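Data first, discussion second: the structure below is written as structure tokens.
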2 protein chains.
Amino acid sequence: MSRKPMLRPGGRSARVQQAVHGAVRELTAELGRDALTVPLVAARAGVTPSTVYRRWGDLRELLSDVAVERLRPEAPPADHGDLSADLTAWAEEFLEEMSSPPGRVYIRDALLGDPDGTNAGQCSAYAAEQIDAVLTRARARGETTPDVETVIDKVVAPMMYRILFRPEGLETPYARQLVSSLLETRED
Amino acid sequence: MSRKPMLRPGGRSARVQQAVHGAVRELTAELGRDALTVPLVAARAGVTPSTVYRRWGDLRELLSDVAVERLRPEAPPADHGDLSADLTAWAEEFLEEMSSPPGRVYIRDALLGDPDGTNAGQCSAYAAEQIDAVLTRARARGETTPDVETVIDKVVAPMMYRILFRPEGLETPYARQLVSSLLETRED
DNA sequence: TCACTAAAGCTAAGACTTAGCTTTAGTTTC
DNA sequence: GAAACTAAAGCTAAGTCTTAGCTTTAGTGA
């Protein structure tokens, strides 16, 4: 979502965008991400390369846009009855998805081809939305909760830091431990 | 440090590496990072482009190596007399350097052209070393300290997450607040 | 000193990228 | 409803980067 003027669906721009994004997904599945080139994607999408270069600038920005789409959560977080269970389950799933090889590729792509930080911000907003849903639900039950920023600092940020900078030895217990530590040591 | 066989200084490989790294630094200063190309760097370094392609693979991996060099701390953290002051000063400086426009470019470059995660791991190791120095000094004074991993989770990771995913509104008070929160809420 | 090996130099072919101009699809106005 | 208008896509050619194969050189070890 870097420089796309957001036309109404059905317009030509929207069709081209769908075709190009679809081509990226298909070719990634068929040939692997590293085999993609702008001319290849354009051919599959049925457009000329110059269209892709004009709209996205280069392959990295295009891959960044597609990666953000893939990182969008597909469903609201599951309800396990209380804050601790909800947050633990969400964090475990987040860590598992994001630290998997494809997850890491998507995160890197999203960060990478993103001159203005829009796509990175979008990724963070997705996580914040999911967390907010969990916290809002807990408050509706009468539980007291930390705020979203605190959860991001104490749970999301450590997981993401390790995914990006220290890919070794990341397992679900780490997510569980971060959530426990957040909810125990709380007197605010 | 991706695929460099680490020859003894004085060897031809070492000379070429120095010349190429130097060329990247010079041209970045003169023309800006976005103007760099492999043929341009090679010409300045006095080598042929194929040498650069063979050794580094592509421009991104080369930029990643140079970025890691620049992210290496130049001096051990300053001694301010106690743990809280030392850690606060270190975190403030870290945040200021890393969140500056050039700092952000280096971090992205380091992460970006880094297929195996070696360079990212090196960046993290630099921070861990600095923190370890601060903590060791504090223990020598008789202070009790958290361990390095805890400081990384609670101070470094939140700062880095925001630098990468939410570049807006990052100021030194945030670093100070993370350190205070770490040292206050501690009963382990 | 001589053989050996790893890395750099060289060259040509191929692929990607850029820029300018033309054409088309979709919108707005009369 | 038709004609002018605009934004985006198509097309083409030139330039640049990238790759691959082979040759040469510098440094190492017998």
Side-chain angles (χ1 to χ4, degrees), chain A residues 1-24 26-28 30-66 109 112-115 118, chain B residues 1-24 26-28 30-66 109 112-115 118:
Chain A
M1 319 210 160
S2 302
R3 60 182 68 181
K4 285 174 289 325
M6 196 44 166
L7 294 195
R8 45 184 81 79
R12 181 167 61 163
S13 294
R15 278 200 309 277
V16 167
Q17 169 165 336
Q18 285 192 341
V20 171
H21 279 211
V24 169
E26 289 176 20
L27 290 168
T28 300
E30 293 171 21
L31 308 174
R33 176 190 165 288
D34 293 339
L36 299 199
T37 67
V38 170
L40 192 66
V41 170
R44 173 65 65 100
V47 303
T48 62
S50 54
T51 295
V52 174
Y53 286 118
R54 241 194 314 267
R55 283 263 301 259
W56 282 277
D58 62 17
L59 182 63
R60 276 161 41 191
E61 291 191 45
L62 172 56
L63 290 178
S64 179
D65 285 349
V66 174
D109 281 347
L112 229 142
D114 189 24
T118 310
Chain B
M1 318 212 159
S2 302
R3 60 182 68 182
K4 284 174 289 325
M6 195 46 165
L7 293 197
R8 47 184 78 80
R12 181 165 61 163
S13 294
R15 278 201 308 277
V16 168
Q17 170 167 336
Q18 285 193 342
V20 171
H21 279 212
V24 168
E26 288 175 21
L27 291 168
T28 300
E30 293 171 21
L31 308 174
R33 176 191 165 287
D34 293 339
L36 298 200
T37 67
V38 170
L40 192 65
V41 170
R44 173 65 64 101
V47 302
T48 63
S50 54
T51 295
V52 175
Y53 286 118
R54 241 192 317 264
R55 283 264 298 261
W56 283 275
D58 62 17
L59 182 64
R60 275 161 41 193
E61 291 191 46
L62 172 56
L63 290 178
S64 180
D65 285 348
V66 174
D109 281 347
L112 227 141
D114 190 23
T118 309

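Just so it is clear, the structure is predicted and the values come from calculations on it, not from any experiment.
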Comparing nearest nucleotides in DNA chain C, the 5'-proximal residue of the pair A:Val38, B:Val47 is B:Val47

How many Å lie between OH on A:Tyr53 and C1' on D:dG10, as a whole number? 16 Å

Length of the CG-P vector between B:Leu40 and D:dG15, whole Å: 19 Å

Which pair of non-hydrogen atoms, one from A:Leu27 and one from A:Val41, has the smallest distance, and what is that distance? CD1-CA, 3.8 Å

Can you check whether B:Arg60's main-chain N or O pairs, donor with acceptor, with B:Ser64's side chain at less than 3.5 Å? no

Between atom CH2 in A:Trp56 and atom P in C:dT17, what is the gap in whole Å? 15 Å

Would you kindly give the CZ-to-P distance between B:Arg54 and C:dG9, to the nearest whole Å? 8 Å

Kindly indicate whether the side chain of B:Arg12 and the base of C:dA7 share any N or O donor-acceptor pair separated by less than 3.5 Å? yes

Residues A:Asp65 and A:Trp56: closest non-hydrogen pair is OD2-NE1, 3.0 Å

Is the backbone of A:Leu112 close enough, under 3.5 Å, to the side chain of A:Asp109 for a donor and an acceptor to pair up by distance? no

So does B:Arg55 get a side-chain nitrogen or oxygen closer than 4.0 Å to the phosphate oxygens (OP1/OP2) of C:dA8? yes

Identify the residue among B:Thr51, B:Val47, B:Val66 that makes a side-chain contact (heavy atoms from CB on, under 4.5 Å) with B:Val20. B:Val47

Between P of C:dA19 and CG of A:Asp58, the distance in whole Å: 13 Å

Separation of B:Glu61 atom CD from D:dT18 atom P, in whole Å? 13 Å

So does A:Arg15 get a side-chain nitrogen or oxygen closer than 4.0 Å to the phosphate oxygens (OP1/OP2) of C:dG26? yes

Which is more 5' along DNA chain C, the nucleotide nearest A:Thr37 or the one nearest A:Ser50? Just name the residue. A:Thr37

Rounded to the nearest Å, what distance is computed from the CG atom of residue A:Leu59 to the P atom of nucleotide D:dT18? 13 Å

Looking only at side-chain N and O atoms, does B:Thr51 come under 4.0 Å of OP1 or OP2 in C:dG9? yes

Think B:Thr48 has a side-chain N or O under 4.0 angstrom from the OP1 or OP2 of C:dA8? no

